[in-house]
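Each remark here refers to the structure printed beneath this line.
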Amino acid sequence: MTLKSKNLLFTAVILLPVVAFASYLIIVSTENQFVKDDIEKVSLVADIIKNGLITMMLQGEGKDFKHFLDILIAEDISGVHIVSNNGRLISSASSLNMGRKLYSDIISRFEAFQSAEIISTETNGKAIYSAVVPIFNERPCQRCHGDKHSIRGILNVEFLRTKSVQKIRDNRSKTIVVAVITFLILLIASDYLNNKLVTAPLKGLSDSIKTASDAGGNFVNNGQDNEIAGLKKSFDSLLSEKERLLSEQGQMSLDLQRLDNYLAGLRTAMDAHVSNPLSKAIGDLQVLAEEADFADSISEIINNIVKDLMAIKKS
């Protein structure tokens, strides 16, 4: 695996979890904000409906109560139900078939929380927000209903979450697409910077080394001032040292050649002035010892002289 491939793989391993974690945080925070906005919207509309119902009752328009609930069923509001404390259905309007079980669930939820409360649930396979809001028996209501009960009824408003669910899905899809594009852009940018700052300078250094090695000279720095430029300077120093050593080696070779020539001349001179005369003297003494009639003592002296001269010649 090349250095470029290793760097690209390492960058991808670092970027992938970072981009994935950042995208996850964005998705979660955005979805939480969607849910918060929807709950605030549901709570606001539930209060508006409750106040509208109370106003109608105080104005003596109770006969239009059911009609008022029916016209509330719009695109987002799927059901409005009012249940008494004992679980009796007072009035209801719904675009869905809710069933009797709903009303006992409303009572159970109210008894568990004893306050306004909104949950996300499903009804007939549809995701909804279900708000339970108590209708308190306030002083204006007590004129007709007395003060026996502190709560006159429980209002349940149901909102379809179709739009919210679609927004959440769209947000997830867009965030994932943006995350993938961001990851690719960062990876491409990292690869470009790697090529610009590492791969290309290293290739230039390699080419310079090859050129310098072939030509026996130095290479150009190209104005760079970084680690690679330092490496180039170091290699330039190494080449200079190599040239110096080669120059010294050449000078040493010349000196050795001069020494060989001197020794050759010395050998020639020794042959001419020492070895050859000695050989002639030895030969003459040997002839003299063989042809002349000397006493044994003289012959022995001559032989000793020959031996000494041969030893000198050998040295």
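Since the model is a prediction, treat every value here as computed from it, not as a measurement.
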Problem set entry | Contacts of Lys36 that satisfy salt bridge (charged side-chain N to carboxylate O under 4.0 Å, His left out) - sequence neighbours left out | none
Seminar exercise, completed: Residues at least two apart in sequence or cross-chain that pass side-chain hydrogen bond (donor to acceptor under 3.5 Å, both in side chains) with Ser23, listed by chain then number, are none
Exercise. With a 4.5 Å heavy-atom cut-off, do Val133 and Val157 have their side chains touching?
Worked result: no
Problem set entry | side-chain hydrogen bond (donor to acceptor under 3.5 Å, both in side chains) against Thr162, all qualifying residues, sequence neighbours excluded | none
For this session: With sequence neighbours excluded, tell me which residues meet side-chain hydrogen bond (donor to acceptor under 3.5 Å, both in side chains) with Glu40.
Result: none
For this session: Measure the CE-CG distance between Met310 and Asp308 for me, rounded to the nearest 0.5 Å.
Result: 11.0 Å
Problem set entry | Lys41: salt bridge (charged side-chain N to carboxylate O under 4.0 Å, His left out) partners, not counting sequence neighbours | Asp76
For this session: Could you grab the distance from atom CZ of Arg267 to atom CG of Asp260, nearest 0.5 Å is fine?
Result: 7.5 Å
Exercise. Among all residues two or more places apart in sequence or in another chain, which pass the salt bridge (charged side-chain N to carboxylate O under 4.0 Å, His left out) test with Asp170?
Worked result: none
Problem set entry | With sequence neighbours excluded, residues passing side chain to side chain contact (heavy atoms under 4.5 Å, CB included) with Asn32 | Val28
Problem set entry | Rounded distance [0.5 Å steps], CE in Met270 versus CG in Asn276 | 11.0 Å
Problem set entry | Test side-chain hydrogen bond (donor to acceptor under 3.5 Å, both in side chains) applied to Arg244 - qualifying residues, sequence neighbours left out | Glu241, Glu248
Seminar exercise, completed: Between Ala131 and Ile118, the two heavy atoms sitting closest are CB-CG1, 3.8 Å
Could you go through residues 43-53 and list every donor-acceptor pair under 3.5 Å that involves a side-chain atom there, pairing it with any protein atom two or more places apart or in another chain?
residue : atom : partner : partner atom : Å
Asn51   : ND2  : Asp47   : O            : 3.1

Exercise. Does Ser247 reach the main-chain N or O of Glu243 with its side chain, forming a donor-acceptor pair under 3.5 Å?
Worked result: no
For this session: State, yes or no, whether a side-chain contact exists between Phe159 and Ile128 at a heavy-atom distance under 4.5 Å.
Result: no
Exercise. Going by heavy atoms in the side chains, are Leu278 and Ile312 under 4.5 Å from each other?
Worked result: yes
Exercise. Quick one: NE2 on His81 to CG on Leu155, what's the gap to the nearest 0.5 Å?
Worked result: 9.5 Å
Can I get a per-line list of side-chain donor-acceptor pairs under 3.5 Å for residues 177-188, giving both atom names and the distance, sequence neighbours left out?
residue : atom : partner : partner atom : Å
Thr182  : OG1  : Val178  : O            : 2.7

For this session: Starting from the C-alpha separation in whole Å, work towards a yes-or-no answer on side chain to side chain contact (heavy atoms under 4.5 Å, CB included) for Arg161 and Tyr129.
Result: CA-CA 7 Å; Arg161 294 187 58 209; Tyr129 284 114; 3.4 Å; yes
Seminar exercise, completed: When every non-hydrogen atom of Phe34 is compared with those of Lys167, the smallest separation belongs to CE1-O, 3.9 Å
Problem set entry | Criterion side chain to side chain contact (heavy atoms under 4.5 Å, CB included) on Thr30 and Thr175, from CA distance to verdict | CA-CA 10 Å; Thr30 305; Thr175 303; 5.8 Å; no
Seminar exercise, completed: dist Gln257:CD -> Leu254:CG (nearest 0.5 Å) comes out at 8.0 Å
For this session: May I ask you to list the residues sharing a hydrophobic cluster with Ile14, side-chain cutoff 4.5 Å, ordered by chain and number?
Result: Phe10
Exercise. About how many Å separate OG of Ser164 and CD1 of Ile39, when rounded to the nearest 0.5 Å?
Worked result: 10.0 Å
Problem set entry | salt bridge (charged side-chain N to carboxylate O under 4.0 Å, His left out) partners of Arg172, counting only residues at least two apart | Glu31
